[in-house]
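Below you'll find the structure, written out as structure tokens, and then a few comments.
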Amino acid sequence: SSIVTFPPPHNAEQVMVQAKTWILKQHFEGFPKDTDFELKLEQLSEPRDGEVLLEAVFLSVDPYMRPFSRVRMQAGDVMIGTQVAKVIQSNNPSFPVGCHVVSRCGWRTHTVSAESDITNILDDWPQDVSLSHALGAIGMPGLTALYGLEEVCAIKPGETLLVNAAAGAVGSVAGQIAKLKGCKVVGSAGSDDKVAYLKELGFDQAFNYKTVPSLEEALKNASPEGYDCYFENVGGPFSSVAILQMKVFGRIAVCGGISLYNDTTPQTGPYPHLQMIFKQLKMEGFLVGRWEHKNDESLKRMLTWMQEGNLKCKEHVTVGFENMPAAFMGMLRGENIGKAIVKV
């Protein structure tokens, strides 16, 4: 008897995928709380021409999500954010099945994405380096540190840099890059463990701002002659004290203001304008996207530093997509040393 074979049904392997997503239920008032988030399921359609279906591997939680949620999101939107994802279905030859990408699709386990929303991870990404670093030192936070120093501060060998929130994802990289460039680096952080970590990274001076009797004295002791550059991640009272310690023609790169993000009433001065005039200081806010055209070359440089052992990158990993809000709130409380990551 003859055997009859039937062709497999069209796209048999393409099963409808359900995505888990974290929604911002309502805008944060003060410090975020569990009830501000809601876990939802979403049915995804098939990827169309040029699209890919992504599965999250690592997700990022970053301080910017707190202020940006207010200006970039409406209640009911999926929380903003970046992830490293694996392509599990593809209708785009540039992104074959099995490759990994960085995607700005927010807090979701699966996403149908167009080419404009994703970037390939560097071609020659080394086997022994976790892909999670594409969300940290070899990603947006690392680039933020690099551009803040090179483009905004135009830091030079022999200068003295002050970094606050120095044990975080951006601060820890900024300090190490400044050391690579032959600078003296002073870091401030919020726990003794973090201070010990900064010393391990080669910071010349580091202190716990929560336990020093006087911030002014701590800054003076760390660098009696003052500071050429200041990498600002915190804002608020710290900033008011630090600006007074700048040298003439000092440069301040304003990257973040985490001490202000959860305020319900805005903080007020002191106002440093006279000092800024007398010392002719330059203070510039920046967003990392301004130098996007340099990203490829910059990421390669930083990956080389990492492989040479000149850039050390600690990660604070939370396991489980269901723990995204907890990881986010923990990061805002300063529970992480290095980059806060969620592993699905």
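Excluded from the calculations below are hydrogen atoms, water molecules and symmetry mates; all remaining heavy atoms, backbone and side chain alike, are included.
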State plainly whether one hydrophobic cluster holds both [X] and [Y], where clusters connect Ile, Leu, Val, Met, Phe, Trp and Tyr through side-chain heavy atoms under 4.5 angstrom apart.
| X | Y | result |
| --- | --- | --- |
| F207 | M246 | yes |
| V152 | F249 | no |
| L244 | L281 | no |
| M329 | V78 | no |
| V212 | V195 | no |

Are [X] and [Y] side-chain neighbours, meaning at least one heavy-atom pair lies under 4.5 Å?
| X | Y | answer |
| --- | --- | --- |
| I252 | E284 | no |
| M302 | W305 | yes |
| K279 | K247 | no |
| N323 | V342 | no |
| L311 | L303 | no |
| L44 | R108 | yes |
| P157 | K181 | no |
| P63 | Y261 | yes |

Going by distance alone, is a donor N or O of one side chain under 3.5 Å from an acceptor N or O of the other, for [X] and [Y]?
| X | Y | result |
| --- | --- | --- |
| S298 | Y147 | yes |
| E46 | Q89 | yes |
| N164 | E232 | yes |
| S60 | D62 | yes |
| N262 | R66 | yes |
| D49 | N91 | no |
| E51 | N92 | no |

- Query: Parallel, tilted or perpendicular for H273 and Y271, by the 30°/60° rule?
  - Reply: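 It falls in the tilted class, 30° to 60°.
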Lys/Arg-Asp/Glu bridge criterion (N-O < 4.0 Å) met for [X], [Y]:
| X | Y | result |
| --- | --- | --- |
| K156 | D228 | no |
| E150 | K294 | no |
| E315 | K343 | no |
| K20 | E42 | no |

Kindly compute the distance separating [atom1] ([X]) from [atom2] ([Y]), expressed to the nearest 0.5 Å.
| X | Y | atom1 | atom2 | answer |
| --- | --- | --- | --- | --- |
| L122 | H100 | CG | NE2 | 14.5 Å |
| S69 | D77 | OG | CG | 10.5 Å |
| I121 | L131 | CD1 | CG | 4.5 Å |
| L143 | I138 | CG | CD1 | 8.5 Å |
| Q18 | K40 | CD | NZ | 13.5 Å |
| I23 | D36 | CD1 | CG | 13.5 Å |

Locate the shortest heavy-atom distance separating [X] from [Y]; write the atom from each residue and the value.
| X | Y | result |
| --- | --- | --- |
| L59 | G106 | CD2-O, 3.8 Å |
| G148 | F231 | CA-CE1, 3.8 Å |
| A145 | V170 | CB-O, 3.6 Å |
| P32 | L332 | CG-CD1, 3.7 Å |

- Task: Please name all residues satisfying salt bridge (charged side-chain N to carboxylate O under 4.0 Å, His left out) with K210, sequence neighbours left out, ordered by chain then number.
- Result: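 Counting only residues at least two positions away or on another chain, K210 forms no salt bridge (charged side-chain N to carboxylate O under 4.0 Å, His left out).
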- Message: Which residues pass the ring pair (Phe, Tyr, Trp, His ring centres under 6.0 Å) test with F58, not counting sequence neighbours?
- Response: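 Applying ring pair (Phe, Tyr, Trp, His ring centres under 6.0 Å) to F58 gives none.
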- Query: What do you reckon, are the aromatic ring centroids of F28 and F37 less than 6.0 Å apart?
  - Reply: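 Between F28 and F37, the centre distance is under 6.0 Å.
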Does [Y] offer a backbone N or O that forms a donor-acceptor pair with the side chain of [X] under 3.5 Å?
| X | Y | value |
| --- | --- | --- |
| S223 | G226 | yes |
| W291 | E151 | no |
| D117 | S113 | no |
| S188 | Y209 | no |
| Y227 | V186 | no |

- Worked verdict on K194 versus E200 for salt bridge (charged side-chain N to carboxylate O under 4.0 Å, His left out): CA-CA 10 Å; K194 290 180 179 181; E200 224 174 275; over 6 Å; no
- Begin with the C-alpha distance, continue with both residues' side-chain angles, and end with the deciding distance and a verdict on salt bridge (charged side-chain N to carboxylate O under 4.0 Å, His left out) for K179 and D204. CA-CA 9 Å; K179 285 306 295 175; D204 298 278; 2.8 Å; yes
- What's in the same ILVMFWY side-chain cluster as V87, cut-off under 4.5 Å, chained through other members?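 Taking Ile, Leu, Val, Met, Phe, Trp and Tyr as members, V87 shares its hydrophobic cluster with V52, L54, F95, V101, I118.
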- Option passing side chain to side chain contact (heavy atoms under 4.5 Å, CB included) with K184 (candidates L162, L161, T160):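 Considering L162, L161, T160, a side chain to side chain contact (heavy atoms under 4.5 Å, CB included) with K184 is found only for T160.
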